> 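For reference, the structure I am asking about is given below.
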Number of protein chains: 2
Amino acid sequence: MTRRMKLDLSIILQKATKLVDEKGLDQLSLGSLAEELQIRPPSLYNHINGLNGLKQKLALDGVKKLNEYMLQAAVGRSGDDAIRSVSEAYIQFVRIHPGLYDATTRFPDANDKELQQAQESIVQLVLQVLQAYNLQEEIAIHMVRGLRSILHGFTSIEQMGGFGMPLDINKSFSILINTFIEGIHTVVSNEDEYLQGE
Amino acid sequence: MTRRMKLDLSIILQKATKLVDEKGLDQLSLGSLAEELQIRPPSLYNHINGLNGLKQKLALDGVKKLNEYMLQAAVGRSGDDAIRSVSEAYIQFVRIHPGLYDATTRFPDANDKELQQAQESIVQLVLQVLQAYNLQEEIAIHMVRGLRSILHGFTSIEQMGGFGMPLDINKSFSILINTFIEGIHTVVSNEDEYLQGE
DNA sequence: CTATTTTTACTAATTGAATTAGTTTTTACA
DNA sequence: TGTAAAAACTAATTCAATTAGTAAAAATAG
């Protein structure tokens, strides 16, 4: 006598997130999702625009959640400390939600205004964090791209099991972040050379 | 009277590479590949182990090619110069072979001895490059992971069209690499603190 | 050269998943 | 309580991968 769970988009995304985080994004199918939800696959079309539409909704949801997560990590901190904290949050998020994160990188809908806004929000957050260094506006944006590359690259490789050597992965991460931070400090002192490309 | 092209694995990989680089890895299908090769899809099974086997062969091929590419870029250079050159080669390779590169990160066969060897070869190459800095062995490996994260992260985001702002992407890249290099220089001077995690 | 074996391509059939069409049930609420 | 909208269903379609079994072609042994 299980009462039928009331189905709506948020329930669907919740179950889909669980599935992709546990089995991987490529294992997500309308069949498996429908089974989890105890409905038939076609019923899902009343809520989502097919499998691809679902993945795009996951991508949006993932970016929003990542943004919140990083925001929490940034409050009350500044400078090096803020960079480390935000970076730590990023890697933690990906570890908790590998499949959801994967969706954010593989199925972002370039036309989705809400998604663009969430992405922009992350950029702004990191720009805030970098304010402490008084970088020139343009350099600051390059640095945002740099940090994002580092975070995405490291987490992606970790998720694919790409770090083969028997060496503490967390140490690799903190050294990477610290190396980048030290680099920023140096760049701050020689900004003009870097802008023109020396 | 077109003579039937003699089909073998290398021809198949060649055409498959062309397809994935032009249309994207997810668009690769045995149907489209067979059509290009003017055979029927089942015939492919005489050469490859299904679609997944094909993707794994692409992954192996991609890593080997990337390795060669980086090797070429490294010869005759050392230190900062070598890091820049190898990094430049990496990003160039991904720009030339986006689909093939994608395969190397999404379909590596963890049990393939040949693949492991090719991957190891890249690690060794970068370790060679880092010798110039006289880093402690352990730190050096962390740095290899760091550089790899940077290169994979940056190229992945570029490929997904993730850098939205209207700012020169090549400049972002060179600043990122230079920042990392500056970071290494600083780390060299304070190695012990970094090893223990300060 | 010819016969045999192996390789490679083929057709036909199967499977599995997404999707669409069209219908029925349920729910909301006037 | 009746009606409209929402949401679920069954049935059918499509498309791609794969498998089974057969035929053609090529390599090779005698």
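Note on naming: letters A, B, ... go to the chains in the order of the sequence lines (proteins, then strands), and numbering restarts at 1 for each one. All figures in this text were calculated on a predicted structure; none of them were measured in a lab.
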> Measure CD1/A:Ile48 against C1'/D:dA8 and give the value in whole Å, please.
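In whole Å, D:dA8 C1' and A:Ile48 CD1 are 14 Å from each other.
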
> Could you tell me how far apart B:Leu9 (CG) and C:dT8 (P) are, to the nearest whole angstrom?
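Going from B:Leu9 (CG) to C:dT8 (P), I get 11 Å.
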
> Has the side chain of A:Asn178 got a donor or acceptor atom that lies under 3.5 Å from a matching backbone atom of A:Ser174?
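Pair found, side chain donor or acceptor close to backbone of A:Ser174.
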
> For A:Leu44 and D:dA6, give me the distance from atom CG to atom P, rounded to whole Å.
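Distance check: A:Leu44 CG to D:dA6 P gives 18 Å.
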
> CG of B:Leu33 versus P of C:dA9: gap in Å, rounded?
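So the two atoms are 12 Å apart, to the nearest Å.
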
> To the nearest angstrom, how far is A:Arg40 atom CZ from D:dC9 atom P?
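After rounding, the gap between these two atoms is 6 Å.
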
> When you measure from every atom of DNA chain C, which of residues 102-112 of chain B have a heavy atom less than 4.0 Å away?
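Listed by number, there are none.
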
> Between atom CG in A:Leu37 and atom P in D:dA8, what is the gap in whole Å?
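Going from A:Leu37 (CG) to D:dA8 (P), I get 9 Å.
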
> Considering only heavy atoms from C-beta outward, does the side chain of B:Gln56 approach that of B:Leu115 to under 4.5 Å?
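The answer is no; the side chains never approach within 4.5 Å.
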
> Mind calculating the distance between CD (B:Glu35) and C1' (D:dA16) to the nearest angstrom?
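It is 13 Å, rounded to the nearest whole Å.
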
> Say whether, by atom type as modelled, one donor and one acceptor occur between the side chain of B:Arg145 and the main chain of A:Leu167 under 3.5 angstrom.
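At least one qualifying donor-acceptor pair exists.
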
> With distance as the sole criterion, is a donor-acceptor pair present between the side chains of A:Ser32 and A:Ser29 under 3.5 Å?
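There is such a pair between these side chains.
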
> Just checking B:Glu35: does its CD atom have more than 12 heavy atoms from other residues, nucleotides or ligands closer to it than 6.0 angstrom?
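Counting neighbours around CD of B:Glu35, 12 or fewer heavy atoms of other residues, nucleotides or ligands fall under 6.0 Å, so no.
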
> Does A:Asp61 come within less than 4.0 Å of A:Lys57, counting only side-chain N to carboxylate O?
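No.
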
> Please determine, for the side chain of B:Pro41, which listed nucleotide (D:dA8, D:dT18, C:dC10) has the closest atom?
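Selected nucleotide: D:dT18.
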
> Among D:dA7, C:dA18, C:dT8, find the nucleotide with the atom closest to the side chain of B:His47.
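From the listed options, C:dT8 comes nearest.
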
> Is there a donor-acceptor contact under 3.5 Å from the side chain of B:Tyr133 to the main chain of B:Asp80?
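A pair under 3.5 Å: yes.
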
> A:Glu120 and A:Gln116: side-chain donor and acceptor closer than 3.5 Å?
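The criterion, which ignores hydrogens and geometry beyond distance, is not satisfied for A:Gln116 and A:Glu120.
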
> Provide a list of protein-nucleic acid N or O atom pairs under 3.5 angstrom, restricted to nucleotides 20-23 of chain C.
none

> Is a donor on one side and an acceptor on the other found under 3.5 Å between the side chain of B:Asp21 and the backbone of B:Gly99?
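Yes.
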
> Do A:Tyr101 and A:His152 meet the criterion of a side-chain donor-acceptor pair at a distance under 3.5 Å?
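A:His152 and A:Tyr101 do have a side-chain donor-acceptor pair below 3.5 Å.
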
> Could you tell me the separation between the CG atom of A:Leu7 and the P atom of D:dA6, rounded to a whole number of Å?
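Going from CG in A:Leu7 over to P in D:dA6 covers 15 Å.
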
> Indicate yes or no for a side-chain donor-acceptor contact from A:Ser85 to the backbone of A:Ala82 under 3.5 Å, with no hydrogens or angles considered.
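No: the side chain of A:Ser85 does not pair with the backbone of A:Ala82.
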
> Give me the residues of residues 23-31 of chain B where at least one heavy atom lies under 4.0 Å from an atom of DNA chain D, by number, or none.
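Close to the strand are B:Ser29, B:Leu30, B:Gly31.
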
> Any N or O donor-acceptor pair linking the side chain of A:Asn46 to the base of D:dA6 at under 3.5 Å?
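By the distance-only test, no, there is no pair.
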
